[in-house]
Amino acid sequence: MANLLAVLSNSAGALNAYDQVLQVTQNNVANASTPGYAEQSLPLQAMAFDPSMGLPGGVQTGQLQSARDEYAEQAVRQQNTALGSSQQLATSLQSLQSIFDISGNTGIPLALNQFFTSASAWAQNPDDTSCRQAVINRAGDLAQSFNSAANQLQTLAQNTQTQLQSTVDQVNQLVGQIATYNRTLMESGRGAKDMGMDAQVHSTLEELSQYVNFTATEQPDGTTTILLNGSTPLLIGGQQYAISVQMVGPPADAANPSGPPAAQLTAADGTDITAQTTEGQLGALLNMSNSVLPSYMGDANQAGSLNEMAQQFADRVNGLLTSGNLSDGPPPVPGVPLFDYDATDSTDVAATLTVDPAVTPDQLAAIDPGPPEASNGIPLTLSGMATPTNDDDMIDGVSYSEFYGQMAANAGSQLQAAQNNQQVDQSLLAQARNQRQQLSGVSLDQEAMTLVEFQRAYEATARMITVLDQLTLDTINILPTS
Amino acid sequence: MSPTVEERLAAARAHVESACQLLLSPTPDKLDGCAQGLAAAVVEVQACFPDASPAGGDRVSGEAARAEAERLRQSIGRACQLLDHAAAFHSNWIRWLGALCAGYTQRGEPARLEHGPRLVTRG
């Protein structure tokens with residue numbers, strides 16, 4: 001009998017709860033055309049079920065909620081995530097760009113120019129020992145420039161890894177704070193969530209949003225559920241699911257098994273969530289670590305442009321010197337290679353490039369056996385690499401200086417795009433914050449009127465922007481080119 | 001002495017930048033002001049045409065004017081993004097409000113929030 005009473009009581013409670021929900025829904029539908037009417041929702045909450053303790057289970061209604069504030073909060077968070085990403089990318093790319101000097105006064109461009117100049121001087125005096133020594137010295141300077149650029153890239157990669165770890169720690173720490181609020185609510189009931197705690201939760205969520213993209217939903221019991229990228233649990237109730245980051249080396253069967261490791265972001269259950277994490281500071285750092293830097297310094301599947309350049313240049317110079325002769329003979333004595341590098345790892349060429357210390361000036365071959373034979377043919381070809389006319393002296397169809405310029409320009413244009421995005425995202429975040437203020441400060445009735453006015457004003461402004469953009473483009477097209 | 005092409009483009013950019021400032025806090029009133037600022041920019045750019053064309057002769061320094069025009073386009077792009085963002089904020093809010101008040105249509109779209117005709121008196 002007791003059980004039957006519990007079932008009946010349970011059913012009556014549920015009917016009562018559903019009736020209240022229905023009333024709210026009917027009210028919403030009835031007011032669908034009412035200007036400014038804001039949705040009201042009545043969440044259902046599960047009641048404790050334990051027959052031995054006399055707890056019959058069932059459902060009860062929670063508190064009436066308005067969706068408005070959460071919508072505005074989410075818009076601010078989304079924009080904060082976008083700004084976090086562009087800000088981090090701009091900072092990281094600034095460090096990258098500083099490695100590639102395009103003034104020609106330092107680093108690889110200067111060393112390249114000086115090498116070609118020394119080769120040109122050697123071509124004018126093919127038997128002069130000091131000219132030959134100058135070529136060896138300038139080759140050494142060039143190798144050191146490659147080493148220096150590779151080491152700076154390596155340092156930047158390590159800094160990025162450190163930042164990745166601290167960002168992940170920061171994410172876990174902020175989620176941990178909200179987990180503490182959740183546990184307080186679960187222990188003390190929904191009533192414990194006063195305005196102060198609500199503000200703390202929202203402030204923490206806003207701080208978290210600069211690091212990662214997530215969705216946060218408030219549960220009927222007042223706790224906050226956080227899902228990374230909308231799918232990976234970070235927090236459910238009082239249970240936090242910490243994420244972690246590891247550096248994972250290339251697999252043994254990769255093209256470059258000894259190449260630099262890649263960053264891997266892992267969910268609490270061990271799932272690899274790197275590919276999904278593209279936004280916020282964390283997304284920008286992963287992009288920097290796994291995409292931008294490898295394009296220069298290589299990874300499991302690519303050598304990286306700096307290594308390609310170093311290897312192709314060294315191979316070409318060595319090939320020319322060994323194809324030449326020191327003397328006509330007979331028998332003719334061939335020259336020796338000048339550069340050396342770790343040939344077992346194509347991602348380590350720039351870092352290990354050296355001039356063979358055993359090479360002496362009299363081992364540099366100047367004679368091109370032809371036909372026709374030229375006593376200064378090799379140094380002439382070497383100096384001609386500055387302004388190449390045949391494919392053998394080029395890399396990807398351009399001179400070595402131009403190839404380096406492209407690398408630098410690529411870094412520069414990425415930086416400029418990131419800085420432009422950062423500027424726009426700052427404005428958009430300010431706008432989202434202002435809109436949040438507007439939405440919470442205006443009466444619902446006034447708000448609905450405003451929405452209609454907005455539509456008209458947006459259309460007028462959008463038309464004007466289209467006209468202005470087209471006119472400006474026309475102006476650019478008719479401006480004389482100088 | 002009438003302004004040069006470069007000066008006119010710079011003036012147009014100043015109008016667009018002012019519009020961007022208004023778009024940071026988009027209310028209907030400010031959007032109206034924004035449209036007026038953009039209209040003033042249109043007038044400035046239109047006035048460039050006679051001098052910017054090849055017949056304009058020495059009145060224009062191609063490189064400097066081009067650089068200024070590119071900066072103007074960048075500002076226009078920023079204004080466009082701010083407007084798009086503001087419009088998306090409000091249109092999504094209307095859609096959400098519609099879905100929450102009247103549910104979803106049979107096609108799964110949020111129901112439209114209809115505003116009936118109404119008379120507003122302000123005193």
Side-chain angles (χ1 to χ4, degrees), chain A residues 25 28-41 67-68 71-72 75 79 420 423-425 427-428 430-435 437-439 447-469 471-476 478-482, chain B residues 5 9 12 16 19-20 23-28 31-32 34-35 38-39 41-42 45-46 48-49 52-54 56 60-63 65-66 69-70 72-74 76-83 85-87 89-94 96-98 100-103 111 113-116 118 120:
Chain A
T25 307
N28 283 338
V29 174
N31 284 288
S33 299
T34 306
Y37 180 78
E39 160 274 351
Q40 289 184 326
S41 64
R68 179 179 17 195
Y71 173 76
Q79 211 43 61
N420 287 342
Q423 194 188 4
V424 171
D425 286 338
S427 301
L428 292 176
Q431 185 191 56
R433 284 187 169 140
N434 287 334
Q435 284 175 315
Q437 187 69 25
Q438 285 170 22
L439 215 53
E447 182 189 316
M449 256 180 13
T450 308
L451 288 173
V452 178
E453 286 178 39
F454 264 128
Q455 204 166 350
R456 176 195 54 75
Y458 282 136
E459 283 166 10
T461 311
R463 271 199 300 275
M464 205 55 79
I465 285 182
T466 308
V467 170
L468 180 59
D469 192 41
L471 276 174
T472 309
L473 196 59
D474 291 345
T475 307
I476 291 173
I478 63 168
L479 278 170
T481 49
S482 44
Chain B
V5 170
L9 290 172
V16 177
C20 286
L23 280 167
L24 285 182
S25 185
T27 60
L31 281 174
D32 284 340
C34 179
L38 292 169
V42 167
V45 177
Q46 275 177 327
C48 292
F49 271 62
S53 65
V60 58
S61 154
E63 201 168 320
R66 193 176 289 273
E70 291 294 351
L72 172 60
R73 281 208 88 201
Q74 209 168 7
I76 295 169
R78 195 158 77 93
C80 192
Q81 280 185 288
L82 281 165
L83 185 70
H85 192 258
F89 181 90
H90 282 102
S91 64
N92 284 335
W93 172 238
I94 291 171
W96 197 14
L97 209 57
L100 293 169
C101 287
L113 189 62
E114 300 289 348
H115 298 283
R118 62 205 301 273
V120 179

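Lettering follows sequence order; numbering is per chain, from 1.
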Heavy-atom pairs under 4.5 Å with chain B are the metric here; pick the option from A:Asp474, A:Asp469, A:Leu473 that has the most. A:Asp469
Report the option among B:Arg78, B:Arg73, B:Gln46 that has the most heavy-atom pairs separated by less than 4.5 Å from atoms of chain A. B:Arg73
Please determine, among A:Arg433, A:Gln79, A:Arg463, the option with the most heavy-atom pairs under 4.5 Å with chain B. A:Gln79
Within the distance-only criterion (no hydrogens, no angle test), does the side chain of A:Gln431 pair as donor or acceptor with the backbone N or O of B:Leu82 below 3.5 angstrom? yes
Of all of B:Ala12, B:Pro26, B:Ala39, which one pairs up most often with chain A through heavy atoms under 4.5 Å apart? B:Pro26
Any residue meeting side chain to side chain donor-acceptor pair (under 3.5 Å) with B:Gln74, in chain and number order, not counting sequence neighbours: A:Asn420
Which heavy atom of A:Tyr71 sits nearest to which heavy atom of B:His90, and what is that distance? OH-N, 4.5 Å
To the nearest 0.5 Å, what is the distance between CG (B:Leu38) and CG (B:Leu23)? 7.5 Å
I'd like to know which of A:Ala430, A:Ala462, A:Ser427 tops the heavy-atom pair count under 4.5 Å against chain B. A:Ser427
Atom of B:Ala41, atom of B:Val16 and distance for their closest heavy-atom approach: CB-CG2, 4.0 Å
